[in-house]
Asks: 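Just passing along the structure, written as structure tokens.
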Amino acid sequence: METEDLPKKRKKESSHWWEGDQEDQSSIKWMSLEHHGLFFPPLYQPHGVPLVYNGEPIYLTPEQEEIATMWASVVGTEWETKEIFRKNFESSFLKILGENHKIKSLNGCDFKGISMHIESQRELKKLRPSEEKKTEREAKQKIIEEMGYAIVDNTREKISNIIVEPPGLFRGRGQHPKGGNIKGRLAPEDITINIGKRNKVPICPLPGHSWKFITHNNTTTWLAFYEDPELSFSSKKYVYLSAASKFKGLSDKLKYEKAKKLKEMIDEIRADYNKKILSDSSVNKQLGSALYLIDKLALRVGNEKTEDEADTVGCCSLRVEHIKFEKNHQITLDFLGKDSMRYFNTVQIVPEVYNNLKEFCKGKEKENDLFDLITAHTLNGYLRSFMHGLSAKMFRTYNASISLQQQLAKFKAKNQSVEEKVQFYTDANREVAILCNHQKSTPKNFEGMIEKLQEKLKEKLEDIRILEDHMKFIKTGRNSVDTERKLPCTEENTKKALAKAKTAVKNMEIKLKMKDDNKTIALQTSKINYMDPRITVAWCKKNEVPIEKVFAKTLRAKFIWAMYAETTWEF
DNA sequence: CTTTAAACTTAGTACGGATACC
DNA sequence: GGTATCCGTACTAAGTTTAAAG
């Protein structure tokens, strides 16, 4: 970003806050806070395409049509066939249509006309001249440049998202009991704004409307919040500064400092929970055993959930049905965790914990809690006794960071190319991602892509075979190779071509393996949230890997405070 | 003590532009 | 120069933690 191009009135950007002392953790977060408030997605534009109900075209009012169009955008996706999703949408939709409406069920509705209309609109948008797209993009950029920043104590900081969530269907993950409910359109009357007492109240962007409430709470870092009045179960949505801001960066840095402190006392803590595992008190046995699992397997703590949410668990909310006892003190954990991602792992544990867990299951039904005597709250209470502010999630941060550092320490520099070094880093990164169970769905058309690569690999192998035969021919003069391909004339060149083909095969094999290894593993999540960036920065500097090979632009901005780590820096 | 909720971090996915590939 | 794939980012859901309320 060329700073000289930015508007004159701009305040100083970024304060190099990481250079000074950051011990001051007072509850006052700012003295002055100014911003432009939030903006709203464009109003609904009716298209007039009818819905077909039992063969009959039904024209809807704009309000009804907007809701029908939300469903039409789901047609053809997995959402369309999810039972709860259908049921929830149906009841909201019928309510909006009114009691005496012709439409009595979702099953009789044919949204194809509307779906096709949306699709063609999308195509049209895609096919616009690139000039037009560029102009639109630049206009959007301009708005963000003008409105997407807050001034916090004289520093200009980027805001994460200044446009409120557009209306749509709630897409809860997994078997979410509220999926398919309608997220209504928000108005300024739903928005609470937080600004400094002496700062200007942002102008409400919709004429005739006004903000719900203006507050001056400088013990928090949010700029605005809202909740959907229609979606009773949903929680508040906060608008914060971006990840590159001081607020976020400082607390991120402190998080890693805390994880580092945990490293200093991890032996003490492990000794303590090992003692608890052998305790006479059942509560202590459970506390010790649960913490053992959190530490060893990097499990989340597992708060209780309500019936309005998907049935997922973490350590303290594990049920008897989620654990199986195997031979050699191995257990298999099989449960749905955050985002309904499956955790499925067979692992050997110490006999003491193995026996404890077995005992905790005794006499319980499969739907009973494994750790019935403790909660996330009590476990965190136990952790606080070791260190102020220590909580269960810190073990994930600590274990991810220490694991990365240990993996990277195994690196032996010996003339590797940058690509090979990056590959080594990625392998270390993958270990951490697996530990934290960070997953993604297999990319669409993954099979096809693999097949293509294998096809190419086969071709290359065939090349090698031909070249080898050709080599024999050159050497012996017998059995010239019958092929349409051009072959090198000299032995020297054949040798070269062969070597080149072999390297290509090796690279393709590596690529193929890497694709397969990574197909369901999300590497970014641990990079963004768990591994102390200073470990990465120090390793890159030491091994002459440009940091941008490992941290993309936004990550470098987020971790600006970590960029000064020296080669000798240690977690 | 238990429950609620405010405030913040962590998470996967959709999408569109950038880049590689033919 | 057009198309396929990659990659970064925007989006928003889903966790955790802790303070306050009941």
Side-chain angles (χ1 to χ4, degrees), chain A residues 27 29 41 73 77-79 122 125-126 130 133-134 137 140 144 148 160-166 168 170-174 176 178-179 183 192 194 217 219-222 225 227-228 231 233-243 247-248 251-252 254-255 300-306 308-310 312-317 336-341 375-381 383-384 388-397 400 433 436-441 443-446 448-449 452-453 456 515 520-530 551-558:
Chain A
S27 60
K29 303 286 171 47
S73 71
T77 70
E78 237 177 85
W79 301 101
R122 190 178 300 160
K125 209 178 158 197
K126 237 194 231 165
S130 51
K133 286 191 208 163
K134 201 178 161 206
R137 203 163 57 237
K140 215 170 162 185
I144 291 181
S160 62
N161 184 17
I162 55 167
I163 301 176
V164 303
E165 294 176 16
F170 177 70
R171 287 145 120 100
R173 300 189 218 271
H176 198 297
K178 298 293 179 179
K183 285 171 47 167
T192 299
N194 192 20
N217 183 353
T219 65
T220 63
T221 63
W222 53 266
F225 84 84
E227 40 197 332
D228 187 338
L231 226 54
F233 68 94
S234 83
S235 48
K236 288 186 172 67
K237 302 282 177 108
Y238 291 87
V239 174
Y240 296 101
L241 295 179
S242 80
F247 284 163
K248 295 293 181 190
S251 75
D252 214 27
L254 292 171
K255 172 182 81 181
R300 294 187 187 82
V301 68
N303 286 286
E304 286 106 306
K305 298 187 76 180
T306 67
D308 281 351
E309 299 167 283
T312 64
V313 301
C315 187
C316 293
S317 48
L336 296 183
K338 181 174 178 181
D339 293 296
S340 292
M341 302 310 281
T375 63
H377 188 79
T378 55
L379 193 128
N380 278 334
L383 289 174
R384 253 195 311 278
H388 173 74
L390 183 63
S391 66
K393 82 186 178 80
M394 202 47 62
F395 281 79
R396 273 166 79 79
T397 312
C436 296
N437 200 40
H438 291 142
Q439 294 184 268
K440 63 180 168 71
S441 54
K444 280 193 190 100
N445 196 28
F446 181 79
M449 190 191 62
K452 256 190 207 166
L453 277 175
K456 275 191 198 164
K515 291 245 189 237
T520 59
I521 297 170
L523 297 174
Q524 286 297 323
T525 311
S526 47
K527 233 187 219 178
I528 297 170
N529 299 300
Y530 286 104
F551 285 164
K553 198 175 83 184
T554 43
L555 272 187
R556 294 199 300 278
K558 171 179 166 128

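These numbers come from a predicted model, not from an experiment. Residue numbers begin at 1 in each chain, while the letters A, B, ... track the order of the sequences.
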Asks: Mind checking if Asn194(A) touches a base, just sugar-phosphate, or nothing, with heavy atoms under 4.0 Å?
Replies: nothing

Asks: Is the shortest side-chain heavy-atom distance between Lys338(A) and Asn437(A) below 4.5 Å?
Replies: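 A side-chain contact is absent here, since even the closest heavy-atom pair is not under 4.5 Å.
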
Asks: Can you work out whether Arg171(A) or Ser251(A) has the more 5'-proximal nearest nucleotide on DNA chain B?
Replies: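 Result of the comparison: Ser251(A).
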
Asks: Can you measure Glu227(A) atom CD to dT12(C) atom C1' for me and round it to whole angstrom units?
Replies: 16 Å

Asks: Using a heavy-atom cut-off of under 4.0 Å over every strand shown, decide if His377(A) touches base, sugar-phosphate, or nothing.
Replies: base

Asks: Lys255(A) NZ to dC8(B) P: how many Å, rounded?
Replies: 15 Å

Asks: Considering every strand and a 4.0 Å limit on heavy-atom distances, what is the contact class for Lys338(A): base, sugar-phosphate, or nothing?
Replies: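 Answer is base: heavy atoms of Lys338(A) come under 4.0 Å of a base.
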
Asks: Does a side-chain N or O of Arg396(A) approach OP1 or OP2 of dA11(B) to a distance below 4.0 Å, or not?
Replies: yes

Asks: By nearest atom, which of the nucleotides dC8(B), dA13(C), dG8(C) is closest to the Thr220(A) side chain?
Replies: dC8(B)

Asks: Look at all strands and tell whether Gly302(A) reaches a base, only sugar-phosphate, or nothing, counting heavy atoms closer than 4.0 Å.
Replies: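 Contact class for Gly302(A): sugar-phosphate only.
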
Asks: Can you check the Leu254(A) CG to dT17(C) C1' distance for me, whole Å?
Replies: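 Whole-Å distance recorded here is 16 Å.
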
Asks: Measure the shortest side-chain to side-chain distance between Val301(A) and Lys393(A) over non-hydrogen atoms and say whether it is less than 4.5 angstrom.
Replies: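 Of all side-chain heavy-atom pairs linking Lys393(A) with Val301(A), none is under 4.5 Å.
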
Asks: Could you check if a side-chain atom of Met394(A) sits within less than 4.5 angstrom of a side-chain atom of Lys255(A), using non-hydrogen atoms only?
Replies: yes

Asks: Does dT16(C) have its OP1 or OP2 closer than 4.0 Å to a side-chain nitrogen or oxygen of Asn303(A)?
Replies: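 Asn303(A) to dT16(C) OP1/OP2: side-chain N or O found under 4.0 Å.
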
Asks: Among dT16(C), dC11(C), dC8(B), find the nucleotide with the atom closest to the side chain of Tyr238(A).
Replies: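 My answer, after comparing the listed nucleotides, is dC8(B).
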
Asks: Does dA7(B) have its OP1 or OP2 closer than 4.0 Å to a side-chain nitrogen or oxygen of Thr221(A)?
Replies: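 No, no such contact exists.
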
Asks: Mind calculating the distance between CD (Glu304(A)) and C1' (dG15(C)) to the nearest angstrom?
Replies: 14 Å

Asks: When we call it a touch if two heavy atoms are under 4.0 Å apart, what does Ala392(A) touch: a base, just sugar-phosphate, or nothing?
Replies: sugar-phosphate

Asks: Please tell me if Thr312(A) has a side-chain N or O lying less than 4.0 Å from either OP1 or OP2 of dG15(C).
Replies: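 Looking at the OP1 and OP2 atoms of dG15(C), one of them is under 4.0 Å from a side-chain N or O of Thr312(A).
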
Asks: Looking for any heavy atom pair under 4.0 Å, which part of the strands does Gly337(A) touch: base, sugar-phosphate only, or nothing?
Replies: sugar-phosphate

Asks: So if I take every side-chain heavy atom of Trp222(A) and compare against dA14(C), dT10(B), dA7(B), which nucleotide ends up nearest?
Replies: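 Looking only at heavy atoms from C-beta outward on Trp222(A), the closest nucleotide is dA7(B).
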
Asks: Is there a side-chain contact between Trp222(A) and Thr192(A) in this structure, where contact means two heavy atoms from C-beta onward sitting under 4.5 Å apart?
Replies: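 A side-chain contact exists here, since the closest heavy-atom pair is under 4.5 Å.
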
Asks: May I ask you to verify if any side-chain N or O of Lys237(A) is less than 4.0 angstrom from the OP1 or OP2 atom of dA13(C)?
Replies: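 The answer is yes; a side-chain N or O of Lys237(A) sits under 4.0 Å from OP1 or OP2.
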
Asks: Looking for any heavy atom pair under 4.0 Å, which part of the strands does Gln524(A) touch: base, sugar-phosphate only, or nothing?
Replies: nothing

Asks: On DNA chain B, nearest-nucleotide positions of Thr378(A) versus Lys248(A): which is more 5'?
Replies: Thr378(A)

Asks: Decide yes or no for Asn161(A) and Val239(A): does some side-chain heavy atom of the first lie under 4.5 Å from some side-chain heavy atom of the second?
Replies: no

Asks: Any side-chain N or O of Lys305(A) under 4.0 Å from OP1/OP2 of dG15(C)?
Replies: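 Checking dG15(C) against Lys305(A), a side-chain N or O does come within under 4.0 Å of OP1 or OP2.
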
Asks: Quick check on DNA chain C: between Lys553(A) and Gly172(A), whose nearest nucleotide comes earlier from the 5' end?
Replies: Lys553(A)

Asks: OP1 or OP2 of dG15(C) sitting under 4.0 Å from any side-chain N/O of Asn529(A)?
Replies: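 Asn529(A) to dG15(C) OP1/OP2: no side-chain N or O under 4.0 Å.
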
Asks: Just checking Arg173(A): base, sugar-phosphate only, or nothing, at a heavy-atom cut-off of under 4.0 Å?
Replies: base

Asks: Given atom CD1 of Ile162(A) and atom P of dT12(C), what is their separation to the nearest angstrom?
Replies: 14 Å

Asks: So, is Asn161(A) close to the dA10(C) phosphate, meaning a side-chain N or O under 4.0 Å from OP1 or OP2?
Replies: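 Result: no.
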
Asks: How far apart are the C-alpha atoms of Lys558(A) and Ile528(A), what are their side-chain angles, what is the distance that settles it, and do they pass the side-chain contact (heavy atoms from CB on, under 4.5 Å) test?
Replies: CA-CA 9 Å; Lys558(A) 171 179 166 128; Ile528(A) 297 170; 3.6 Å; yes

Asks: Which is true for Pro41(A) with a 4.0 Å heavy-atom rule: it touches a base, it touches only sugar-phosphate, or it touches nothing?
Replies: nothing

Asks: Quick one: label Arg384(A) by what it contacts on the DNA or RNA (base, sugar-phosphate, nothing), any heavy atom closer than 4.0 Å.
Replies: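 Touches sugar-phosphate only.
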
Asks: Could you say whether Ser391(A) or Thr554(A) is positioned toward the 5' end of DNA chain C, judged by the nucleotide with the nearest heavy atom to each?
Replies: Thr554(A)

Asks: So among His176(A), Lys305(A), Arg173(A), Arg300(A), which one has a side-chain hydrogen bond (donor to acceptor under 3.5 Å, both in side chains) with Thr312(A)?
Replies: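 Filter result, single survivor: Lys305(A).
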
Asks: Atom CG of Asp252(A) to atom C1' of dT9(B): distance rounded to whole Å?
Replies: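 Computing the Asp252(A):CG to dT9(B):C1' distance gives 9 Å.
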
Asks: Considering the options Asn303(A), Thr378(A), Leu379(A), which one meets the side-chain contact (heavy atoms from CB on, under 4.5 Å) requirement together with Cys316(A)?
Replies: Leu379(A)

Asks: Would you mind classifying the nucleic acid contact of Phe225(A) as base, sugar-phosphate or nothing, using non-hydrogen atoms under 4.0 angstrom?
Replies: nothing

Asks: Phosphate oxygens OP1/OP2 of dT9(B): is one of them under 4.0 Å from a side-chain N or O of Tyr530(A)?
Replies: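 Answer is no, no contact under 4.0 Å.
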
Asks: Whole angstroms only, please: what is the NZ-C1' distance between Lys558(A) and dT9(C)?
Replies: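 In whole Å, dT9(C) C1' and Lys558(A) NZ are 13 Å from each other.
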
Asks: Using a heavy-atom cut-off of under 4.0 Å over every strand shown, decide if Lys140(A) touches base, sugar-phosphate, or nothing.
Replies: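 Touches nothing.
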
Asks: Between Lys393(A) and dC8(B), does any side-chain N or O lie under 4.0 Å from OP1 or OP2?
Replies: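 For Lys393(A), the contact criterion (side-chain N or O under 4.0 Å from OP1 or OP2 of dC8(B)) is not met.
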
Asks: Can you tell me how far P of dA13(C) sits from CH2 of Trp79(A), to the nearest Å?
Replies: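 Rounded to whole Å, this separation is 10 Å.
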
Asks: What nucleotide among dT16(C), dT13(B), dC8(B) has an atom nearest to a side-chain atom of Lys440(A)?
Replies: dT13(B)

Asks: dA11(B), OP1 or OP2 - any side-chain N/O from His438(A) closer than 4.0 Å?
Replies: yes

